[in-house]
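Right, one structure below, let's go through it.
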Amino acid sequence: MSTFSSSRSASRPPRPSRRKGGRTPAPRAADPVRDLAFDIVCGVVEHRRMLETTLERSTVKESRDRAAGHRLAAATLRHMGSMSELLGPLLRREPPASVRCALLMGVAQLLHLETPPHAAVGTIVDLLHRRGLAPFAGLANAVLRKVSREGETLREGLDEARLDVPPWLWRAWGRRARAITRGFYREAPLDITVRSSDNIPEGGEMLPTGTVRFPNGTRMVELPGFEDGAFWAQDAAAAMPVRLMGDLHGKQVVDVCAAPGGKTAQLVCAGAEVTAIEREKKRAQRLQENLKRLSLSADIVVQDGLEWQPTQPVDAVLLDAPCSATGTLRRHPDVLWVKRPRDVKALAEGQDAFIKAAYKMLKPGGTLLYAVCSLQDEEGPQRIEAALEQGGWTLSPFTEEELSALPQARTEEGYYRTHPGMWSERGGLDGFFAARLIKQ
């Protein structure tokens with residue numbers, strides 16, 4: 001299935017239309033929610049630009065507008081494959097990519113966000129007028145009205161789960177593919193890690209793993225205790241690797257690629273003496289700010305983790321390696337459409353290099369906890385197998401006791417592995433992989 005036209009001529013917006021008599025139509029009312037969502041979706045589709053990048057650059061300041069725009073864009077990206085298939089028979093010719101993005105937003109409002117039909121159609125027609133795409137307003141009005149009347153009939157027979165995942169990812173996920181897709185359709189809840197189990201904000205559910213979960217849409221900054229540094233945001237799956245490192249009290253631990261700092265905070269709270277490595281100054285500053293809010297301290301080093309070495313070998317290294325981030329697709333469905341197979345290959349090569357760098361940091365008998373927020377075998381099991389084949393490492397499998405709170409995450413090899421379809425009755429999990437290696 002070809003989801004979008006990539007020709008330059010198709011994506012070039014037409015000139016604004018004029019009414020007979022030379023009068024330019026009056027400007028449409030501002031709609032920051034749809035404008036932001038449109039910028040996000042077009043950024044992903046036309047430029048392979050990550051959702052968060054557009055959010056950071058946006059001039060939309062109101063937090064509610066940003067949240068609503070993010071939600072609309074995420075719903076559009078989450079269902080983009082199946083909605084494109086649905087639109088196919090309704091379009092006699094391929095419209096410009098930007099127009100198709102607007103149409104997809106309209107369909108998402110109608111079929112997945114329960115927006116009233118008149119609002120779903122009207123907001124997209126207005127959007128096209130504001131963005132210099134008025135010649136396509138009539139097309140949008142006709143197509144979206146048809147979807148509003150016959151949407152459920154048009155969806156019949158579509159294998160939406162498979163259509164909403166690029167074929168290369170579907171093949172890579174194998175037997176897990178449908179479970180992963182079922183999980184990623186749901187909006188992710190807010191998970192927090194608390195400094196003390198005695199100070200849990202009201203309304204949260206304590207999960208068996210120790211994470212506190214709130215319904216999706218909960219604003220963390222509005223929870224009591226936020227300003228006092230009582231907790232930080234961290235998906236339940238991402239909070240587990242540090243808990244699988246054993247007793248860290250008094251140990252020298254290096255956190256490689258540390259920003260934004262959730263795992264750094266866990267390490268400090270576990271009593272470790274932490275050196276946090278972050279290559280990018282901006283991310284290191286964010287790490288520092290997050291630790292300051294939490295009243296926690298770590299030695300932050302702004303340097304490439306592939307080059308930095310401690311003055312003395314350390315007890316443990318936490319390597320949350322740069323990866324494709326396909327495990328985060330519940331919150332970042334743009335990952336599906338931005339990443340490519342060659343990206344995974346390049347990232348895997350970088351992960352091998354980080355594992356070798358970590359080896360040099362460790363004392364004999366020291367522990368490497370390798371982790372990635374990826375669903376790809378190439379970035380998980382295959383990297384550990386490659387490290388073991390290179391020599392110098394011993395695998396220390398996670399035990400059933402260590403993963404008793406989440407037994408389904410323990411693989412036959414003793415790895416830790418989650419995906420969005422797990423814990424569906426509790427709201428799901430991010431996709432994560434972790435393994436523990438001991439330096440010989």
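At a threshold of 4.5 Å between non-hydrogen side-chain atoms, the residues Leu329 and Leu375 count as touching. Between Arg34 and Arg130, the closest side-chain pair of non-hydrogen atoms falls below 4.5 Å. Contact annotation: the side chain of Leu190 never approaches that of Arg213 to less than 4.5 Å [non-hydrogen atoms, C-beta and beyond]. Ile192 has its side chain out of reach of Gln234: every pair of non-hydrogen atoms, C-beta onward, lies at least 4.5 Å apart. Using a 4.5 Å cut-off on side-chain heavy atoms (C-beta onward), Gln408 and Thr418 make no contact. Taking the side chain as every heavy atom from C-beta outward, Glu379 and Phe433 never approach each other to under 4.5 Å. Between Phe136 and Leu103 there is no side-chain heavy-atom pair separated by less than 4.5 Å. Using a 4.5 Å heavy-atom cutoff, the side chains of Thr367 and Leu362 are not in contact.
To the nearest 0.5 angstrom, Leu429 atom CG is 6.0 Å from Leu406 atom CG. One distance of note links NZ of Lys339 with NE2 of His332; it measures 11.0 Å at 0.5 Å rounding. The structure places CD of Glu378 at 8.5 Å from OG of Ser324, a figure rounded to the nearest 0.5 Å. To the nearest 0.5 Å, the span separating CG on Leu154 from CZ on Arg149 amounts to 10.0 Å. Rounding to the nearest 0.5 Å gives a distance of 8.5 Å between CD1 of Ile40 and CG of Asp334. One distance of note links CG of Leu133 with CG of Leu127; it measures 7.5 Å at 0.5 Å rounding.
Lys345 contributes no side-chain N or O that, together with a main-chain N or O of Pro341, makes up a donor-acceptor pair within less than 3.5 Å. A donor-acceptor pair under 3.5 Å links the side-chain atoms of Ser84 to the main chain of Met80, judged by distance alone. Within the 3.5 Å criterion, the main-chain N or O of Met240 finds no donor-acceptor partner in the side chain of Thr209. Here the side chain of Arg279 pairs no donor or acceptor atom with the backbone of Gln303 at under 3.5 angstrom. Judged by distance alone, with hydrogens and angles left aside, the side-chain atoms of Gln351 form a donor-acceptor pair with the main-chain N or O of Pro322 at under 3.5 Å. Not one N or O on the side chain of Ser404 forms a donor-acceptor pair closer than 3.5 Å with the backbone of Glu400. For the pair Arg195 (side chain) and Cys269 (backbone), a donor-acceptor distance under 3.5 Å is absent. At distances below 3.5 Å, not a single donor-acceptor pair connects side-chain atoms of Arg331 with backbone N or O atoms of Ala188. In this structure a side-chain-to-backbone donor-acceptor pair under 3.5 Å is missing from Arg417 to Arg410. Glu160 places no side-chain N or O within donor-acceptor distance of the main-chain N or O of His79, the cut-off being under 3.5 Å.
Taking a cutoff of 4.0 Å between a charged side-chain nitrogen and a carboxylate oxygen, Asp343 and Arg340 do not qualify as a salt bridge. Salt-bridge annotation for Asp159 and Arg178: present, with a side-chain N of the basic residue lying under 4.0 Å from a carboxylate O of the acidic one. In this structure, Glu289 does not pair ionically with Lys292, as no charged nitrogen and carboxylate oxygen lie closer than 4.0 Å. Here Arg71 pairs with Glu187 in a salt bridge; the nearest charged N to carboxylate O distance falls below 4.0 Å. Ion pairing between Asp126 and Arg131 fails under the 4.0 Å rule for side-chain N and carboxylate O. Taking the charged nitrogens against the carboxylate oxygens, Arg383 and Asp352 do have a contact shorter than 4.0 Å, which makes a salt bridge.
Both the sub-6.0 Å distance and the 45° axial angle are not jointly satisfied by Arg171 relative to the ring of Trp168.
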Evaluate Asp255 against Thr264 for side-chain hydrogen bond (donor to acceptor under 3.5 Å, both in side chains), listing each step before the verdict. CA-CA 7 Å; Asp255 184 4; Thr264 308; 2.5 Å; yes

Might you work through the side-chain contact (heavy atoms from CB on, under 4.5 Å) test for Asp430 and Arg330, ending with a clear yes or no? CA-CA 7 Å; Asp430 277 355; Arg330 295 186 306 158; 3.1 Å; yes

Kindly indicate, with the supporting measurements, whether the criterion side-chain contact (heavy atoms from CB on, under 4.5 Å) is fulfilled by Leu36 and Leu55. CA-CA 8 Å; Leu36 176 56; Leu55 270 179; 3.9 Å; yes

Under the side-chain contact (heavy atoms from CB on, under 4.5 Å) rule, what do Ser424 and Arg186 come out as? Steps first, then yes or no, please. CA-CA 9 Å; Ser424 58; Arg186 300 179 61 177; 4.2 Å; yes

Test side-chain contact (heavy atoms from CB on, under 4.5 Å) on Val147 and Leu86 and set out the steps. CA-CA 9 Å; Val147 173; Leu86 181 149; 4.0 Å; yes

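Identified under the salt bridge (Lys or Arg N to Asp or Glu O under 4.0 Å) test for residues 55-66, with sequence neighbours left out: none.
Residues Ala120 and Thr115 come closest through the heavy atom pair N-CG2, 3.7 Å.
Annotation: Arg145, atom CZ; neighbour count of heavy atoms from other residues, nucleotides and ligands within 6.0 Å does not exceed 12. By the neighbour-count criterion of 12 heavy atoms within 6.0 Å, atom CD of Gln390 is sparsely surrounded, having that number or fewer from other residues, nucleotides or ligands. Heavy-atom neighbours of Glu412 CD from other residues, nucleotides or ligands within 6.0 Å: at or below the threshold of 12.
Side chains of Tyr185 and Asp164: a donor-acceptor N/O pair is present below 3.5 angstrom, by distance only. Side-chain polar atoms of Thr411 and Glu413 form a donor-acceptor pair below 3.5 angstrom. Thr326 and Gln376 are linked by a side-chain donor-acceptor pair at a separation below 3.5 angstrom, with hydrogens and angles left out of the test.
Put simply, the residue from Leu306, Val301, Asp299, Val317 that forms a side chain to side chain contact (heavy atoms under 4.5 Å, CB included) with Ile277 is Val301.
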Would you be so kind as to tabulate the donor-acceptor pairs closer than 3.5 Å made by side chains of residues 215-227, with sequence neighbours excluded?
unit_1 : atom_1 : unit_2 : atom_2 : d
Thr218 : OG1    : Pro215 : O      : 2.6
Arg219 : NE     : Glu222 : OE2    : 2.8

